[in-house]
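Atoms within each ligand, like the ligands themselves, are counted from 1 in listed order. FYI, side chains are in, hydrogens and waters are out, and symmetry mates aren't considered; it's all heavy atoms of this structure.
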Amino acid sequence: MQVAIDGPASAGKSTVAKIVANKLSFVYIDTGAMYRACTLIARDHDLEYGNEKGILAAIDEDGIKLEPGEKGQKVIVAGKDVSLEIRTPEITAHVSEVSALPGVRAKMVDLQRQLAGSTNVIMDGRDIGTTVLPKADVKIFLVASARSRAERRMLDWQEKGIEAKQSLEEIEADISKRDYLDSHREISPLKKADDAIEIDSTHMTIDQVVDAILTEIKKKQ
Ligand code: C5P
């Protein structure tokens, strides 16, 4: 069984995907983390974020691996756990530029399909239902208003003890900018697959979203 969860930034995809994966003992794959790892590699090799050739060579040199971790999935670059480093504002600000490079996408999509293999998998991203796993059994398109996504992001930082250096308005503007870039790139832009079920989580709790997804999966089991 393959479950694809796509949607804009900070819609809660990874939170609900992890819970669903745990409940059903499915493998969880966070594809955003892979594009973040590519962005980190570009930075660490002092490459311009648009330097496709350089970034592809650096990815080959360092290698990106996903390993199961206590909190879901660990991202390993050049043998080092970079799971936290890929979430910094600096990487977040540049990831849409790196993820728009066709060669980088081709490499990551290959890796994602290999990782999915023939196991029960739940994968979250932007193009899973449209491109990576077009034959996924269940496709969810998870959306929420930009304001509520910004509020959740801020709450998340507070809970983790991270000092918010931006106002709510600034966080919302950053989220909207990333959505715009991800939806308007040439190759596999963020888009609802024709056969995806849209869930608007603006006024839903995490548990309600999880239940809605589990209901869709049960229909196909
Ligand atoms: O999901 P997350 O916000 O961590 O994704 C970071 C970025 O990676 C997105 O803004 C997007 O540019 C890129 N991405 C993508 N395709 C995916 C997953 C993420 O282009 N399947």
Using distance alone, decide if ligand 1 has a nitrogen or oxygen within less than 3.5 Å of any nitrogen or oxygen in D124. no

Basic-acidic side-chain contact under 4.0 Å: K107, D60: yes

Which heavy atom of the protein is the closest neighbour of atom 6 (C) of ligand 1, given with residue, atom name and distance? R178 NH1, 3.5 Å

Does the pair R36/E85 count as a salt bridge with the N-to-O cut at 4.0 Å? no

Please determine if E170 and K177 form a salt bridge, counting it only when a charged side-chain N lies under 4.0 Å from a carboxylate O. no

Has M108 got any heavy atom lying under 4.0 angstrom from an atom of ligand 1? no

Does R185 reach ligand 1 with a nitrogen or oxygen that is under 3.5 Å from one of the ligand's nitrogen or oxygen atoms? yes

When you measure from atom 16 (N) of ligand 1 to every protein heavy atom, which one gives the shortest distance, and what is it? R105 NH2, 3.0 Å

I'd like to know if R126 pairs up with D182 as an ion pair, taking the criterion as any Lys NZ or Arg NE/NH1/NH2 lying under 4.0 Å from an Asp or Glu carboxylate oxygen. yes

With the threshold set at 4.0 Å, does a side-chain nitrogen-carboxylate oxygen contact exist between D207 and K23? no

Taking heavy atoms and a distance under 4.0 Å, where does A9 meet ligand 1: side chain, backbone, both or neither? neither

Does Q112 come within less than 4.0 Å of ligand 1, judged by its heavy atoms? no

Please determine whether the number of non-hydrogen atoms from other residues, nucleotides or ligands lying under 6.0 Å from atom CD of E186 exceeds 12. no

Tell me whether K160 is salt-bridged to D156, with the criterion being a basic N under 4.0 Å from an acidic carboxylate O. yes

Report the nearest protein non-hydrogen atom to atom 10 (O) of ligand 1: residue, atom name, distance rounded to 0.1 Å. D182 OD2, 2.7 Å

Please examine the side chains of C38 and I59, heavy atoms only from C-beta on, and report whether any two atoms are closer than 4.5 Å. yes

Do S201 and R152 have a side chain donor and acceptor closer than 3.5 Å? yes

With only distance considered, is D127 within less than 3.5 Å of ligand 1 through an N or O on each side? yes

Proximity to ligand 1 by part of R126, non-hydrogen separation under 4.0 Å: both

Within the structure, does K13 bring an N/O atom to less than 3.5 angstrom of an N/O atom in ligand 1? no

Considering heavy atoms of the protein only, find what lies nearest to atom 14 (N) of ligand 1 and give residue, atom and distance to 0.1 Å. Y35 CD1, 3.6 Å

Starting from atom 19 (C) of ligand 1, which protein heavy atom do you reach first, and at what distance in Å? G32 CA, 3.5 Å

Protein heavy-atom partner closest to atom 4 (O) of ligand 1 - residue, atom, separation in Å: R36 NE, 2.7 Å

Between D179 and R149, does at least one N-O distance fall below 4.0 Å, as a salt bridge requires? yes

Which residue holds the protein heavy atom closest to atom 18 (C) of ligand 1, what is that atom called, and what is the gap in Å? T31 OG1, 3.3 Å

Give a yes/no on ligand 1: does R87 have at least one heavy atom closer than 4.0 angstrom to it? yes

Subset of ligand 1 atoms that lie under 4.0 Å from at least one heavy atom of S99: 11 (C), 12 (O), 13 (C), 20 (O)

Carboxylate-amine/guanidinium proximity below 4.0 Å for D195 and K139: yes

